[in-house]
Number of protein chains: 2
Amino acid sequence: MKLEKAAAQLEALGNPTRLQLYRVLVRAGDDGLAVGSVQGKLDIPSSTLSHHLKRLVDTGLVTQERQATTLICRANYPGMNALIGYLADECCADAICAPAVGKALA
Amino acid sequence: MKLEKAAAQLEALGNPTRLQLYRVLVRAGDDGLAVGSVQGKLDIPSSTLSHHLKRLVDTGLVTQERQATTLICRANYPGMNALIGYLADECCADAICAPAVGKALA
DNA sequence: ATTCAATTTCGAAAATTATGGAAATAGCAT
DNA sequence: ATGCTATTTCCATAATTTTCGAAATTGAAT
């Protein structure tokens with residue numbers, strides 16, 4: 001993973017609303033959640049939600065799939081794993097941390 | 001870890017300059033690096049560097065220790081571990097990921 | 001074709017962040 | 001006290017982000 005991409009993903013998650021949004025999607029599991037359902041849970045205007053969602057999709061942390069008029073959103077676990085891996089490998093020299101996590105994600 | 005704190009740390013790391021800066025500190029290891037040395041490595045104006053550094057310190061990702069006129073900066077590994085742990089536990093429901101990393105960091 | 005529901009795009013204002021020169025401060029040595 | 005080095009704070013500017021109402025779009029159903 002390139003530093004630029006990692007930074008973009010970190011920035012995407014580095015907003016309370018988006019982090020909360022991402023968490024909601026994670027908890028929804030493999031079934032995902034329609035944009036409208038997410039809106040119901042978070043209670044933010046649809047246009048604001050759409051912008052935040054786009055940011056997560058653009059950085060590769062969330063995927064979307066059309067089902068008729070509704071858009072199903074899913075947390076992209078491999079993307080998150082790659083990011084955690086980057087942090088562990090590139091940004092955590094602690095002997096206790098980096099090798100252990102690196103192995104766990106392998 | 002609270003969502004707010006995690007978001008603040010993610011945002012701090014979500015800037016290419018600051019992520020690079022953090023990486024430099026990680027690579028410096030336990031000896032840390034003086035602000036001036038960091039500046040030499042990254043080649044950015046001191047006032048800009050100071051702002052970015054402050055952000056990392058404020059969010060708990062970097063610590064500083066005075067040695068006469070120079071300030072030694074160190075990556076705060078426990079802080080990073082806590083953040084990685086948060087991401088793994090709260091934001092990564094993937095069966096392959098969360099439990100494994102959680103155990104590795106325990 | 002019209003309607004309805006779901007979602008995005010447009011457009012614009014407010015807030016925050018990034019950047020860096022210049023001045024201020026801190027600590028030590030002379 | 002003066003000077004020197006290291007670093008921060010002050011200040012201003014430019015750029016980006018956040019927010020969200022209103023209008024446009026998409027897709028299905030009548």
- Task: Determine the sole option in B:Leu21, B:Asn76, B:Leu25 for which the side chain to side chain contact (heavy atoms under 4.5 Å, CB included) test with B:Val62 is passed.
- Result: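 For B:Val62, the side chain to side chain contact (heavy atoms under 4.5 Å, CB included) test succeeds with only one of B:Leu21, B:Asn76, B:Leu25, which is B:Leu25.
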- Message: Consider side chain to side chain contact (heavy atoms under 4.5 Å, CB included). Of A:Leu53, A:Leu56, A:Ile72, which one does A:Gln64 pass it with?
- Response: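 Exactly one candidate clears the test, A:Leu53.
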- Within-4.5 Å side-chain heavy-atom neighbours: B:Leu19 and A:Tyr86: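 The answer is yes; the side chains approach within 4.5 Å.
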- Item | Non-hydrogen side-chain atoms of A:Leu33 and A:Lys41 separated by less than 4.5 Å |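 Side chain of A:Leu33 against side chain of A:Lys41, heavy atoms only: contact under 4.5 Å found.
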OP1 or OP2 of [N] versus the side-chain N and O atoms of [X]: is any pair under 4.0 Å?
| X | N | answer |
| --- | --- | --- |
| A:Asn15 | D:dT17 | no |
| B:Arg55 | C:dA18 | yes |
| B:Gln64 | D:dT8 | yes |
| A:His52 | D:dT17 | no |
| B:Arg18 | C:dA18 | yes |

Round to a whole Å and report the spacing from [atom1] of [X] to [atom2] of [N].
| X | N | atom1 | atom2 | result |
| --- | --- | --- | --- | --- |
| B:Leu21 | C:dT19 | CG | C1' | 15 Å |
| A:Glu11 | C:dT16 | CD | P | 16 Å |
| A:Glu65 | C:dA6 | CD | C1' | 16 Å |
| A:Ile44 | C:dT7 | CD1 | P | 13 Å |
| B:Leu42 | C:dT19 | CG | C1' | 15 Å |
| A:Lys54 | D:dT18 | NZ | P | 14 Å |
| B:Leu71 | D:dT5 | CG | C1' | 13 Å |
| A:Leu53 | D:dT18 | CG | P | 14 Å |

- Task: Ignoring the backbone of A:Thr48, work out which of C:dT19, D:dT8, D:dC20 is nearest its side chain.
- Result: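 Of the candidates, D:dC20 comes closest.
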- Choosing from C:dG21, C:dT7, D:dT8, which nucleotide comes nearest the side chain of B:Ser50?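 Selected nucleotide (nearest to the side chain): D:dT8.
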Contact class for [X] (heavy atom, under 4.0 Å): base, sugar-phosphate, or nothing?
| X | answer |
| --- | --- |
| A:Gln67 | nothing |
| B:His51 | base |
| B:Gln39 | nothing |
| A:Ser46 | base |

- Side-chain donor/acceptor of B:Gln9 to backbone N/O of B:Thr59, under 3.5 Å: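 Between the backbone of B:Thr59 and the side chain of B:Gln9 there is a qualifying donor-acceptor contact (under 3.5 Å).
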- Item | Main-chain N/O of B:Cys73 paired with B:Glu65 side-chain donor or acceptor, under 3.5 Å |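 Side chain of B:Glu65 to backbone of B:Cys73, a donor-acceptor pair under 3.5 Å: no, none is there.
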- Check whether the side chain of B:Ser47 and the base of C:dG20 form a donor-acceptor pair under 3.5 Å.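 Side chain to base: pair present.
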- 5'-most by nearest nucleotide on DNA chain C - A:Leu49 or B:Gly14: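 Whichever sits nearer the 5' end wins; that is A:Leu49.
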